[in-house]
Every structure is written in structure tokens, then in C-alpha cells.
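In what follows, chains are A, B, ... by sequence order, proteins preceding strands, each numbered from 1. A quick note: this is a predicted structure, and the numbers were derived from the prediction, not measured.
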Amino acid sequence: MRTFSTNERLKSRKLIGRLFREGNSYIAYPLRVVWLPVQPDDPALATFGEARAQLAISVPRRTFKTAVQRNRLKRRIREAYRLNKQLFYEKLTAADQHIALMLVLVAKEEVPYATIEAGVQKMIRKFP
RNA sequence: ACUGUAAAUCGCUCUGCCGCCUUUUUCCCACCCCGCCAUCGCGGCGGGGUGAGAUCGGGAGGAAAGUCCGGACAACACAGAGCACCGUACCACCUAACGGGUGGGUCCUGGCACGAAGGUGCCAGGAACAGAGAGUGUCGCAGAAAAUUACCGCCCCGUAUGGGGCAAGGGUGAAAACGUGCGGUAAGAGCGCACGGCGUCCUGGCGUAAGUCGGGAAGCGGAUAAACCUUACGGGUUGAAAUGCCACGUACACCUUGUUUCCACGCCCCGGCGUGGUGGUGUGUUGCUCGCACAUCGGCCUCCGGGCCGGCAAGGGGGGUAGGCAGCGCAGAAUUUCGCUGUGAAGCGGAAUCCAGAUAAAUGGCAGAGGCGUGUAGCUUCCUUCGGGAAACGGCGCGUGACAGAAUCCGGCUUACAGAUUUACAGUGCUU
RNA sequence: GGCUCCGUAGCUUAAUGGAUAGAGCAUCUGACUACGGAUCAGAAGGUUAGAGGUUCGAGUCCUCUCGGAGUCA
């Protein structure tokens with residue numbers, strides 16, 4: 001299922017706030033990964049549906065001035081996640097875990113798609 | 001032909017695979033509600049709603065940007081008046097409206113032509129272009145003086161250094177009291193005259209008007225209004241995070257201000273109550289003043305000044321939530337196109353079309369082909385001062401651009417922009 | 001998506017439209033000291049965020065651009 005539909009997007013303002021306060025993080029260049037396990041009794045879990053993880057993508061405005069640049073990079077990250085998430089889902093299903101996930105771009109200049117895809121694959125390998 | 005400037009138009013196309021957003025296209029499945037039929041029961045038909053899926057369509061810009069103006073739309077406010085504040089500023093027209101646009105006028109700058117010259121005409125570009133003759137202020141340094149001025153100077157009288165007249169020449173400055181010439185005079189000066197310049201007033205022609213071409217009168221004492229200001233016109237405030245509804249959730253806990261004076265009349269248990277008026281306090285009315293509207297209540301104590309408690313009005317501060325629906329793309333100041341009217345902005349009429357709606361925010365990723373641009377082998381032709389240069393064809397490589405991403409919607413303005421095309425103007429070269 | 005405001009030396013700031021933009025701290029050089037600090041003397045450092053306009057003259061007035069900050073249900 002190489003999809004990326006509404007219930008796979010992290011949209012709850014509240015959950016994002018908790019993610020940055022309480023979440024764990026690690027670096028998989030050119031990405032910084034912030035993640036937080038969602039407990040089974042959490043009401044936000046209802047929005048997940050069949051999804052194992054909800055993802056949000058962030059590209060800092062400070063380094064990328066124009067909206068065109070930021071949109072392009074966010075699209076590349078989303079595409080790379082969509083094409084590579086299957087292995088990630090297998091890992092999560094094995095552990096019976098739901099998580100909230102944020103990918104933040106830390107590169108200082110525009111990176112091509114191949115680099116981002118490598119970063120996403122690395123992120124999935126390094127995930128505990 | 002090339003280069004530059006200005007204006008206008010465009011600002012990559014196609015195919016395959018995998019994805020994203022969207023719906024009153026159609027279909028299918030599940031659940032819920034209503035009606036009818038059938039009934040022991042299972043059920044069948046029709047309509048509506050919700051959710052998931054399939055399918056057919058649609059899916060960023062000329063600036064989507066900056067948020068500089070103007071509207072639509074919405075909420076709140078509003079008996080009204082004055083002042084303040086803000087904005088606009090040659091005239092007419094266009095427009096829903098505008099600080100936008102179109103046309104015209106005036107002035108300035110540059111070029112060309114004509115003329116002895118003052119100047120006139122044509123072309124191109126520019127102008128926040130009302131008023132400095134309503135008032136106030138300011139004008140550093142220099143200079144005698146920066147707005148009713150006299151340093152050097154010129155002239156007359158006296159002759160010693162004084163008294164008086166003048167503003168031509170010199171000098172300072174961004175700016176020095178209409179310009180040139182002649183007369184005039186002691187010397188001079190619009191003091192007079194000729195020609196010219198400048199506005200003001202009266203007046204005639206043309207023009208809707210700004211204005212322009214004449215005639216006459218009295219004149220000529222700087223600049224600055226993107227200094228205060230004057231005049232005319234316009235402006236209620238806030239903006240989709242507005243606003244309405246649903247769901248979840250919390251704290252009427254705390255602090256501050258106000259809660260009243262006098263007069264008249266009536267009642268009675270004779271110091272209280274009621275009614276009316278007046279002022280005070282608080283709040284609202286964009287700011288201020290007037291005016292208007294609302295609140296100004298009850299209890300207890302008292303040394304009769306007032307104090308305390310509750311309620312009410314308003315403000316401060318704090319706590320909770322931060323999910324959904326509507327607003328929101330809607331047949332309209334709509335888009336495309338044709339015709340007519342108008343110098344033009346634009347208007348009127350006909351035909352066709354319905355054309356993005358996301359919300360941590362869709363319109364993408366990979367591969368291939370074409371076109372375009374660019375680099376470099378090669379080859380052909382032409383020119384040659386034999387160093388080389390130009391053009392066409394073409395294998396291979398690279399890039400596909402620049403500025404830039406809708407967020408309620410329109411009309412403008414401004415700013416950014418690789419490249420392509422067209423038109424106009426200017427320059428250079430070649431040919432005739 | 002709006003609204004409001006700010007920009008002067010490395011930092012904090014001053015300047016009524018008037019000459020070459022003035023201070024303090026920091027920096028550098030010299031003096032003092034055995035050395036350092038403190039102190040004294042001197043120097044350097046400004047496209048007044050950028051561009052255009054008004055004016056004789058602009059940090060100041062006006063317009064546009066750039067950068068930054070605050071605020072809202």
C-alpha cells in the first residue's frame with residue numbers, strides 16, 4: 001500500500017505540542033526525526049484508522065526563504081516516505097506500536113530527491 | 001542585419017508507471033431514518049443521510065508576491081451639532097469605487113528645423129501641477145543687508161573725521177528687489193518712453209472646463225505649504241484569526257473604580273416614603289466638548305465625617321479549549337469570443353462556457369521522446385592580410401530554467417523576472 | 001490571513017531641515033608598571049538599512065523596496 005492519505009498525516013495541534021515536549025529524537029542526515037509512542041488509551045488514536053504512524057514534515061523558514069523551495073522539499077520528503085514506509089510499518093506491527101512522527105529538514109541548502117530518499121531509508125533502519 | 005529603450009503577448013509540450021486534493025457525473029457496498037407492500041418469520045420497492053471504494057471530469061500565477069489604495073461582504077455602533085484628526089488636490093470623462101485609467105491643458109528638460117536676435121514650431125520624455133497678493137514661522141556659513149538693505153562705490157553741500165541724496169557698477173550667496181535699449185539727472189532710479197517678461201482685476205471671441213487668443217486698468221519687494229496653515233471635497237469603527245452554530249472543557253476564585261447632592265410638590269405614624277427637576281460619579285456614543293442613552297439598588301454598624309457586606313455597571317488579571325460545520329467559490333462589477341458606438345479609458349448587444357478549493361495546508365516523484373538553449377568532436381560552403389573568420393548541417397554531453405506557490409472574492413498600483421515573439425523609436429554596419 | 005511599529009560605529013544611544021553626524025563601553029597605539037589591571041593621552045572605526053524624490057541643503061520630510069519585532073480567535 002504505497003499511499004499517503006489523510007489518516008496518515010499528523011494534524012492534531014495538541015499531539016504535535018506533546019511530541020515536541022516529550023518526544024525522542026535522533027538524526028538521520030539530512031533529517032532530524034522526532035517521535036512519540038501513542039498509548040492505546042489515547043483519544044487521538046481514533047484518527048489513525050489502519051495507519052501505524054502519523055507523519056508531519058517541517059522545513060525551516062530561516063534557511064529556505066521562499067515558499068516554493070519549502071514546498072518542493074516537503075514534497076520530496078513525503079514522496080520518499082510514501083515509497084519506503086512498508087518496511088517501517090512491518091517494524092511497528094511487530095512491536096504492536098502506534099507513533100506520532102515529525103521529520104525536520106536540517107540541511108542548509110536544497111538537497112536532491114536521491115539524498116532525501118537515502119535519509120528516509122536510514123531513518124527507518126535506525127528506528128529502535 | 002545587429003544592439004539598446006519602451007509597450008504588448010507568451011512564459012515548454014507529449015507519453016508510461018506509482019501517488020495527492022476535489023464533486024449535486026454515474027455505479028456499487030455497509031449502516032441509520034422515513035413511507036408503502038408483504039407478513040409466523042426471512043424480506044421487497046421508493047426516498048433521504050453518513051462512511052468506504054470504483055469510474056468520468058477538474059486541479060497554481062503573470063505577478064498567486066508586497067499589502068500601497070479602492071470596493072463587495074460581515075459584525076458592532078448610530079437623535080444630532082461643533083472642534084479636532086486622517087486623506088485627496090490643473091480640468092473633463094471612465095468606473096461599483098479609487099490615491100487607478102483615458103483624453104485635454106499648463107510648466108520643465110532634451111533633440112531637430114526656422115529666424116540676425118528675443119523667440120516660434122515639431123518630436124520625445126517628465127511633473128504630489130490648488131493657494132506664498134490671508135496670516136505665522138524658517139532661511140546655517142558667507143555677505144553691508146536674507147526682506148522695506150547700503151560695505152566698497154557714485155553725486156551735492158561743507159571741506160577735517162560731518163550732513164544729505166542714489167542704487168547704476170563691484171563683491172557674497174542657492175537666492176539680492178522685472179530684462180534690453182534710449183531719454184532723463186548733480187548722481188541716479190519703471191522716474192519717463194519703446195520692445196519684451198510676469199501674474200492680479202475688468203472685459204470680448206473660442207472651449208463643457210482647465211485654459212487660450214485679444215483689448216483695457218493699476219502694478220512688479222525672494223524661496224519654502226513632501227513647515228504650520230487656508231480653501232474645496234471625502235471619511236462611523238473593525239476586518240474572514242471578522243462573524244454565526246455544534247462539540248469538548250473551565251474558576252461567578254482574585255484586584256480596581258462607581259453606587260450620590262440639592263430643590264419643589266404630595267402623603268403620613270414627623271422623619272421617612274413616592275413623583276418630578278437639577279447637578280455629581282461610572283460606562284457607551286472613533287478622540288474632545290455639548291447633547292443623548294444606560295446604571296446609580298439593598299442590608300448592617302456609626303463618634304453622623306463615613307465604614308463594612310451583598311447585588312449591579314465597567315475595567316484589569318487569571319483559567320479552559322484550540323476539534324468540526326457554515327462563512328468558502330456562490331451564474332457573476334465572471335471568463336472567452338464576435339459585432340456596434342466612442343479619439344480613448346470604456347459602454348451596449350449577441351453567442352459559447354461554468355473553470356482550483358487545500359487547512360502542519362493538495363496540484364508531486366521516477367523514466368522516456370520532442371522542442372528550445374548551451375558546450376565541444378566532425379564535415380561542407382564562402383571570405384582571407386594565410387594568423388584566421390563567418391554560415392549551414394550534425395554526433396555526443398549538460399540544462400529545461402528566471403521571478404516565484406492560491407488561502408473569502410474582485411478592480412487597480414508597485415516590485416521581481418531566464419528566455420521567445422510582435423510593434424514603435426534611436427544608434428551602428430552593409431547593399432542599392 | 002490581517003493589523004501596529006522599528007532600523008544611526010562591534011554594542012548602548014544623541015542630534016530643532018544647516019557646515020566634515022556627537023558621546024559612553026569595546027578595539028588599537030603610546031605613557032605609567034618588574035608584569036598585568038586601573039588611570040592618563042591619542043587614533044581608527046558611519047554608503048545614518050537600500051533606491052528615488054521635495055528643498056539652496058535630508059539622519060530628519062514624502063514614496064517605494066529590503067530586513068526585523070510585536071499583536072489577534
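- Counting only heavy atoms from C-beta on, A:Tyr113 has its side chain closest to B:C366 among B:A60, B:C366, B:C18.
- The same atom, C1', is picked in B:C292 and in B:C301; the two are 40 Å apart, to the nearest Å.
- Distance check: A:Ile99 CD1 to A:Leu92 CG gives 5.0 Å after rounding to the nearest 0.5 Å.
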Heteroatom pairs (N/O) under 3.5 angstrom, protein to nucleotides 356-361 of chain B:
from   : atom 1 : to      : atom 2 : distance (Å)
B:A360 : O2'    : A:Leu10 : O      : 3.2

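- Taking atom C1' in both B:G100 and B:A404, the straight-line distance is 26 Å, to the nearest Å.
- For the C1' atom pair drawn from B:A241 and C:C72, the interatomic distance equals 6 Å after rounding to whole Å.
- Rounded to whole Å, the distance from CZ on A:Arg75 to P on B:C366 is 13 Å.
- Listed by chain and residue number, A:Glu110 satisfy the salt bridge (charged side-chain N to carboxylate O under 4.0 Å, His left out) test with A:Arg72 (two or more places apart in sequence, or in another chain).
- Each of A:Arg76, A:Arg75, A:Arg70 was evaluated against A:Leu73; a single residue qualifies, A:Arg76, per the side chain to side chain contact (heavy atoms under 4.5 Å, CB included) test.
- One finds no side-chain N or O of A:Arg72 lying less than 4.0 angstrom from the OP1 or OP2 phosphate oxygen of B:G364.
- Nearest-nucleotide positions on RNA chain B place A:Arg76 closer to the 5' end than the other of A:Arg76 and A:Val68.
- Checked against side chain to side chain donor-acceptor pair (under 3.5 Å), A:Gln97 has no partners two or more places apart in sequence or in another chain.
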